[in-house]
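Everything below concerns the one structure shown next.
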Amino acid sequence: MTATIIDGKALAAAERERIAEQAGRLAEQGATPGLAAVLVGDDGPSHVYVGAKERACAKVGITSHGARLPADVSQERLHAELDRLGADPDVSGIIVQLPLPDHLDPVAAQERIDPEKDVDGLHPVSLGRLLRGDPLHVPATPRGVLRLLEHAAVDLAGAEVVVIGRSQLVGRPLATLLGLRGTDATVTACHTRTRDLAAHTRRADVVVVAAGAPRALTADMVRPGATVIDVGIHRADDGSLYGDVAFDEVAEVAGAITPVPGGVGPMTVTMLLDSTVRAAARQHGLA
Ligand code: NAD
């Protein structure tokens, strides 16, 4: 293997130490950060994800204000809960765990979150601020990707970066962030209708793959020495995890690469914690 492994697990651990120190300083000033995860119904994976987020919060000194609502809760009642959390000074960040039961409108719920507390970065105000070049809250996974690239000392100014995938949660905000003044990458946003994906990826200095498709990036698509970030997560029959990148063969060509697991994944919850601590600092005038 020629590529350097970009170790997201180690970076996430270091970042969580820093976040815990910040949370501790805020607590001393009466501004303990708090995260409210709103969970509706009995969806098994959602309970697992929220449980993992709340355990991560506890480890860095963020208080969880978990709100559990029954599966048959009305949209009005859900909005009332979001309003209550929005008005609670102990709650710095609010997330609505998706998917919601079919009778509920997730977009309306996301729009009900106080934009100051929108740590998932999905409120139209957050998305608008990102587009304006003045981000307030940015989704955690794109932030994690940028932090990994920074940690790997990849010079993004003027670099050719290809992002594969244009989802609201990952690809689109990431492509926007990379192109902002101050980061200054030249970004190509690719998707399922891109005519010749390999022609784009072959000239890229950095390829970020967030396609949700196994083997979306193979060795013949990568310029020797390029940096490859794999956002994808898939579970094999034996329970092991793998990504969107054909890791073994791409690692023979790339200069640096994130593994799955242990790359982007650990950074996602870490960036949610970071956003929550930053929100607490800002809301208490301590930013
Ligand atoms: P999504 O399905 O919402 O979006 C995928 C995007 O990729 C779409 O825009 C689609 O046009 C594009 N695409 C799909 N196949 C393609 C192909 N073969 N070539 C080019 N473009 C293609 O998915 P998402 O929510 O953005 O997530 C993407 C992947 O990242 C999934 O595997 C998901 O599980 C994973 N994910 C990981 C984390 C993490 O923390 N590591 C966080 C979020 C998502």
Side-chain angles (χ1 to χ4, degrees), residues 5-13 15-16 37 43 45-46 48-53 56 95-99 106-107 110 119-122 127 130 137-149 151 161-178 187-202 204 206-222 228-236 239-247 250 257-275:
I5 300 294
I6 304 173
D7 186 346
K9 203 172 162 199
L11 178 60
E15 290 280 288
R16 287 184 198 203
D43 181 59
S46 293
V48 172
Y49 297 144
V50 168
K53 288 172 192 173
I95 58 176
V96 175
Q97 184 66 39
L98 301 179
V107 175
Q110 273 157 353
V119 284
D120 264 345
L122 297 173
L127 297 169
L130 173 59
H137 291 298
V138 177
T141 303
R143 279 197 66 210
V145 170
L146 270 184
R147 185 70 193 86
L148 283 163
L149 287 168
H151 172 71
V161 180
V162 166
V163 178
I164 306 178
R166 57 176 168 183
S167 70
Q168 189 197 333
L169 199 59
V170 186
R172 223 171 316 149
L174 177 60
T176 306
L177 265 179
L178 285 161
V187 184
T188 305
C190 294
H191 44 79
T192 42
R193 300 294 298 272
T194 296
R195 222 177 296 133
D196 186 353
L197 182 62
H200 294 286
T201 57
R202 268 191 217 114
V206 179
V207 184
V208 183
V209 194
R215 293 186 66 81
L217 192 77
T218 47
D220 56 310
M221 299 168 74
V222 177
V228 173
I229 306 288
D230 190 352
V231 180
I233 304 179
H234 309 278
R235 194 173 285 281
S240 61
L241 298 180
Y242 62 100
D244 285 352
V245 173
F247 181 86
V250 171
I257 188 167
T258 58
V260 179
V264 175
M267 289 302 292
T268 292
V269 173
T270 304
M271 291 294 104
L272 174 68
L273 303 175
D274 186 62
S275 294

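One-based numbering, in listed order, for ligands and for the atoms of each.
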Self-check item: Side chain, backbone, both or neither: the part of I233 lying under 4.0 Å from ligand 1 by heavy atom
Solution: both
Practice problem: Please could you name the atoms of ligand 1 that T141 approaches to less than 4.0 Å, counting only its heavy atoms? | Solution: 40 (O), 42 (C), 43 (C)
Practice problem: Give a yes or no on this: more than 12 heavy atoms of other residues, nucleotides or ligands lie within 6.0 Å of atom OH of Y49. | Solution: no
Quiz prompt | Nearest neighbour in protein (non-hydrogen) for atom 5 (C) of ligand 1 | solution = A211 O, 3.4 Å
Practice problem: If you have a sec, work out which protein heavy atom is nearest atom 23 (O) of ligand 1 and how many Å separate them, to one decimal? | Solution: S167 CB, 4.3 Å
Quiz item: Looking only at heavy atoms, what is the nearest atom pair of L241 and P261, with distance?
Solution: O-CD, 3.8 Å
Quiz item: Of all the non-hydrogen atoms in the protein, which one sits nearest to atom 19 (N) of ligand 1, and at what distance?
Solution: L197 CD2, 3.9 Å
Practice problem: Using a 4.0 Å heavy-atom cut-off, say whether V231 meets ligand 1 through its side chain, its backbone, both or neither. | Solution: both
Exercise. May I ask you to identify the nearest protein heavy atom to atom 9 (O) of ligand 1, giving residue, atom name and distance to one decimal place in Å?
Key: R166 N, 2.9 Å
Quiz item: Between the candidates L169, T192, V170, T258, which shows the shortest non-hydrogen contact distance to atom 17 (C) of ligand 1?
Solution: T192
Quiz item: Is at least one protein non-hydrogen atom found at under 4.0 angstrom from atom 2 (O) of ligand 1?
Solution: no
Self-check item: Partners meeting salt bridge (Lys or Arg N to Asp or Glu O under 4.0 Å) with R166 (sequence neighbours left out)
Solution: none
Exercise. Ignoring angles and geometry beyond distance, decide whether T268 reaches within less than 3.5 Å of ligand 1 through its nitrogen or oxygen atoms.
Key: yes
Quiz item: Out of G144, G165, G212, whose heavy atom is nearest to atom 28 (C) of ligand 1?
Solution: G212
Quiz prompt | By salt bridge (Lys or Arg N to Asp or Glu O under 4.0 Å) - contacts of D274 (at least two apart) | solution = R18, R143, R278
